[in-house]
Structure formats: structure tokens, C-alpha cells
Number of protein chains: 2
Amino acid sequence: MTHSQRRRIPDAAVARLPVYLQILNNLHATNVARFSSDELAALAGVNAAKVRKDLSYLGSYGTRGVGYEVTYLIHQIRRELGLMREWNVVVVGAGNLGCALAKFGGFAPRGFPVVGIVDNDPKKIGQSTGALKVSDVRNLQKLVKDLEVTIGAITTSTSAAQSAADALIEAGITSILNFAPIVLAIPSSVSVRNVDLGVELQILSYYEQMRIEQSDSKSQQKSNAVPV
Amino acid sequence: MTHSQRRRIPDAAVARLPVYLQILNNLHATNVARFSSDELAALAGVNAAKVRKDLSYLGSYGTRGVGYEVTYLIHQIRRELGLMREWNVVVVGAGNLGCALAKFGGFAPRGFPVVGIVDNDPKKIGQSTGALKVSDVRNLQKLVKDLEVTIGAITTSTSAAQSAADALIEAGITSILNFAPIVLAIPSSVSVRNVDLGVELQILSYYEQMRIEQSDSKSQQKSNAVPV
DNA sequence: AGGGCTTCGTGCAGAATTTCACAAAGTTAA
DNA sequence: TTAACTTTGTGAAATTCTGCACGAAGCCCT
């Protein structure tokens with residue numbers, strides 16, 4: 001194999017690039033033309049060497065002794081993340097969250113226009129949410145094909161989420177943003193990102209409790225150490 | 001130091017425990033009494049050895065040749081995650097998302113009741129959202145103290161998010177769930193989890209583009225390999 | 001009781017990620 | 001031009017995470 005696939009960027013770095021991009025956009029908006037890895041690291045809350053290594057996966061776009069150009073780096077990160085084009089999104093599930101996503105205008109300007117919303121509830125089908133009308137989930141396949149949708153957002157109830165995922169995959173979707181608190185069964189050829197506030201809160205809870213236990217054991221002089 | 005702090009669970013494992021808990025709750029609801037690491041691994045989409053290792057951080061609660069008891073493991077995970085008590089949440093920012101969080105009844109039953117919502121906009125202060133009234137952000141400190149709030153959710157505009165974080169920390173909050181697309185500057189004694197749909201979409205975009213490039217280079221016979 | 005079967009718990013090796021540390025390469029100023 | 005200074009790019013070490021492989025331990029059946 002002649003290494004025909006592009007140099008792969010480590011997953012951990014891919015997850016940080018959008019954060020850097022966000023920060024660089026802010027810098028650009030405040031007329032900052034250049035930045036050093038130290039500055040970006042401080043703004044992103046990470047180590048400067050990590051910033052340099054992450055950016056080096058894009059290519060050698062820095063100038064030693066000077067730093068990086070904001071606009072040029074924005075361009076490179078966008079290119080690498082696939083943000084030079086738009087990716088159409090369809091929402092499955094016209095509940096509170098689904099409708100909010102459809103109405104929320106914040107995604108289109110960032111390259112992810114929501115072009116459709118579907119549901120299986122006859123009462124919801126036909127209703128308007130923002131500029132879109134809720135259509136029948138049975139039209140999903142046609143909708144995905146006609147509007148060239150690549151990303152599906154699942155905002156159904158937990159019990160309907162798996163069949164929503166099945167329908168999306170059947171329709172040819174290859175990226176899913178899942179808001180239901182369930183682990184979807186999906187072929188490995190499809191990407192999934194889970195957004196679960198319950199999980200986030202529980203992780204915070206763990207570290208919160210950790211802090212409390214530590215300060216407890218510090219305040220009472222006798223150590224309550226547990227023998228290993 | 002006599003190792004007074006409890007055995008630390010690796011961060012990666014901490015992030016998976018809530019997912020296991022979710023699955024076990026489902027099993028419990030369907031009257032499943034026992035499970036093996038293989039079964040849980042399949043449901044969680046991870047390796048069975050990883051499941052066993054993760055659960056072993058809680059203690060040796062399995063029975064060889066049999067598996068784990070659902071209810072007992074639920075109890076142990078809850079204990080470890082600090083879910084034997086409630087953690088009160090205050091929402092900062094009474095916009096669309098903030099109000100939705102305040103109204104949404106899904107957190108209280110899972111141990112994270114939203115007990116307050118604040119804003120700095122005089123037009124919003126005093127309005128009702130669900131069972132709560134929006135109060136002045138200047139009351140935050142008192143609110144946090146009186147209601148024993150430990151978690152703050154930031155749902156303000158991006159420009160107001162940092163000062164919201166400052167106010168929360170000033171008020172004594174030590175865990176923050178941040179929905180604004182910005183990296184908050186925070187002391188290391190405070191935990192933060194970021195929920196940023198833009199970031200998630202951009203990560204999906206990367207892998208989507210990756211797939212397209214790969215199938216492109218496969219369909220055309222001449223390799224477009226880039227010399228390293 | 002004992003053999004066969006199942007599944008846990010975990011040592012260890014390998015992979016992935018992070019961080020350090022420094023040569024390379026550029027700028028600036030005299 | 002040269003010396004002093006800054007900042008990148010990247011080997012290599014350190015750390016964290018993953019997954020295999022297998023001994024240990026319990027159940028079931030005869």
C-alpha cells in the first residue's frame with residue numbers, strides 16, 4: 001500500500017482543532033494578525049508543545065522566531081477539518097430539542113445548515129419549525145438523497161433512538177450526532193458523537209465528590225487511609 | 001503522605017462509568033438480574049477486558065463463572081460517582097437554552113435538580129420559567145450559599161460567559177457545565193465540562209471528509225500519494 | 001468429590017498521547 | 001555581517017490507556 005491515504009491526524013488532535021479554530025476566529029475578529037504557540041496554548045488551556053505538535057500535523061505553517069499567521073492558520077484548519085464546504089444536517093425527532101435545533105440559526109453560518117426535520121408522529125408532521133416543515137420519517141431516504149444530507153442529529157426519545165439511527169443509516173447517512181442517552185449500535189463505517197448532559201453532570205459529580213473527600217480527610221488529622 | 005486519598009480512578013474510566021450506569025439501569029428496568037462483562041461490553045460498544053478493568057476500580061464485585069449483579073453494581077457505580085446524594089444546579093443565562101434546562105424535568109430525577117436561574121437582563125429578571133423565577137445575577141452568591149449549589153451551568157452568550165464563570169467561582173461553585181463556545185479561564189481547583197455542538201459537528205466533518213477522500217483515491221486508480 | 005465449563009481479575013506488552021528539551025531557523029539591531 | 005534573541009518543529013522520554021492472555025475462582029453435572 002503506497003500510503004495513498006493522507007497523513008492521519010491523531011484523534012486527540014482532531015478533537016482540539018475546532019477549539020483552536022474558535023480561538024483564532026476570535027483573534028481575527030479583534031484584528032490580531034499573528035500568534036505564538038504560547039499565546040494559543042494559554043487561550044486554549046493546554047501545553048504549548050501540544051499546540052505546536054497539533055498544528056504541525058497540518059504542515060509547517062509557522063515561522064520560527066515569529067509565530068503563526070492567524071488568517072493563514074484559520075484557512076489551514078478549516079481545510080483539514082473539511083470546512084471548506086457545507087455539510088447538510090437533518091434532524092430526526094421534532095420534540096423540544098429537535099425543534100430548537102431546527103430553529104436555531106447558529107449552525108448554518110458555521111457551515112452546517114439544518115435542511116430538514118422529520119418525525120413519525122402524525123400530529124407533528126406538517127407543522128412548521130422556523131423555516132422548515134416537519135416531514136414524515138418515511139421520506140427520510142428521499143430527503144437525504146435530494147438534499148445531499150451527510151449528518152443526522154437524533155433528538156428522539158431514548159426508546160426511538162436506535163430505530164432513528166437505523167433509518168438514518170439506511171438512508172445513507174454516515175455521521176450521527178446523538179442526543180439520546182443510549183449507546184447506539186452502528187456499523188464502524190459510520191461516525192457517532194454523543195451529547196449527553198446526564199453523563200457530563202455525573203462526571204462533574206465524581207470530581208466534586210473527590211474534592212470533598214480530600215478536604216475531609218485533610219481537615220481531620222487522623223488519616224482514614226484504607227489499607228491496600 | 002500516607003496515601004489518604006482514595007484510590008484514584010483513571011479519567012478515561014470515570015468518563016465511561018456513567019455510560020455503564022445508564023445501561024445497567026435499562027437492564028434493571030427490563031428485569032435482568034445479572035450480566036457478564038461480555039454482555040455489558042457489547043451494549044457499551046467497548047472491549048470486555050476494558051469493562052472488567054473499569055469495574056475493578058470499584059472493587060471486586062463480580063463472581064467468577066457467573067458475572068455481576070445488576071442492582072449491586074448500580075449501587076457501587078452510584079456510590080463511586082457521588083450519586084448517593086443530590087447535587088444542586090444553578091443556571092446562569094435565561095435565554096432559550098437556559099430556560100429549556102430550567103424547565104426540563106429530566107435532571108432532578110437523576111440527582112441534579114435545577115434550583116435556580118439567574119440573568120443580568122432586567123427584562124428577564126422576575127419572569128417565570130417552569131417552577132423557577134429568574135433572579136438577578138447579583139444574588140448569585142446568596143443563592144449558591146442558601147441552596148447549597150455545587151454545579152453551575154453557563155448558558156449565556158459567548159461574550160458574557162467568562163464573567164458568568166467568574167461570578168460562579170466567586171460565589172463558591174466548583175463545577176461548571178459550559179455551553180458557550182469559548183475556553184473559560186478557570187483555576188485548576190474548579191472542574192469544567194464543555195458542551196459545544198459546533199465542535200462536535202466539526203469533528204464529524206473531519207471524519208466525513210476523510211472517508212470521502214479515501215473513497216476518491218480508491219476509485220481513481222492512480223494513487224495521489226503525497227511524498228512525505 | 002471431581003472434572004468440565006464459565007467468567008472474573010489483572011500482569012504485561014503495545015499503542016496512543018503528552019510533555020520535555022533542544023537544534024534549526026528566522027528576526028532584529030548594531 | 002554578526003551576535004543576541006525568539007519561536008518553531010520534532011526526536012525521545014514519560015505517562016496514560018488499551019487489549020490480550022491466562023491463572024484464579026466459582027458453578028454445574030455426574
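Proteins get letters first, then strands, A, B, ... in listed order; numbering begins at 1 in each. Computed from a predicted model, the values in this text were never measured in an experiment.
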Output the rounded distance in Å from CD (E69(A)) to C1' (dT8(D)). 15 Å
Of the candidates dC17(D), dC20(D), dT17(C), the side chain of D11(B) sits closest to dC17(D)
How does each nucleotide of nucleotides 22-30 of chain C score, in 5' to 3' order, for protein heavy atoms under 4.0 Å: base (B), sugar-phosphate only (S), or none (-)? --BBSS---
Could you state the CG-P distance from L58(B) to dG9(C), rounded to the nearest angstrom? 10 Å
Using the test side-chain contact (heavy atoms from CB on, under 4.5 Å), find all partners of N47(B) that sit at least two apart in sequence or belong to another chain. A49(B), K50(B)
Rounded to the Å, how far apart are Y57(A) OH and dT8(D) P? 16 Å
Y61(B) OH to dT10(C) P: how many Å, rounded? 12 Å
Taking side-chain contact (heavy atoms from CB on, under 4.5 Å) as the definition, give me every residue that meets it alongside Q22(B), ordered by chain and number, with sequence neighbours left out. P181(A), N26(B), R110(B)
Rounded to the nearest Å, what distance is computed from the CZ atom of residue R8(A) to the C1' atom of nucleotide dA16(C)? 13 Å
Taking salt bridge (Lys or Arg N to Asp or Glu O under 4.0 Å) as the definition, give me every residue that meets it alongside R193(A), ordered by chain and number, with sequence neighbours left out. E200(B)
Check DNA chain C against residues 36-43 of chain B and give the residues with a non-hydrogen atom under 4.0 Å, in numerical order. S36(B), S37(B)
F179(A): partners by ring-ring contact (aromatic ring centres under 6.0 Å, His included), with sequence neighbours left out: none
Those residues at least two apart in sequence (or on a different chain) that pass side-chain contact (heavy atoms from CB on, under 4.5 Å) with S191(B) are L204(A), Y207(A), R211(A), S175(B)
Which nucleotide in the list dT19(C), dG11(C), dT18(C) gets nearest to the side chain of A12(A)? dT18(C)
For Y72(A), the side-chain contact (heavy atoms from CB on, under 4.5 Å) test, sequence neighbours excluded, returns Y61(A), E69(A), Q76(A)
Can you establish whether the number of heavy atoms outside N96(B) located under 6.0 Å from its atom CG is more than 12? no
Whole-Å gap separating P (dT7(C)) and CG (N47(B)): 16 Å
What is the distance, rounded to the nearest whole Å, between atom CG of D54(A) and atom C1' of dT19(C)? 12 Å
Is any side-chain N or O of K53(A) under 3.5 Å from a base N or O of dT18(C), one able to act as donor and the other as acceptor? no
So does K50(B) get a side-chain nitrogen or oxygen closer than 4.0 Å to the phosphate oxygens (OP1/OP2) of dG19(D)? yes
Shortest non-hydrogen separation from Q209(B) to L81(A) and the atoms involved: NE2-C, 4.0 Å
Which residues satisfy the ring-ring contact (aromatic ring centres under 6.0 Å, His included) test with Y20(A), sequence neighbours excluded? none
If you compare every side-chain N and O of Y68(B) against the phosphate oxygens of dG26(D) (OP1, OP2), does one of them come in below 4.0 Å? no
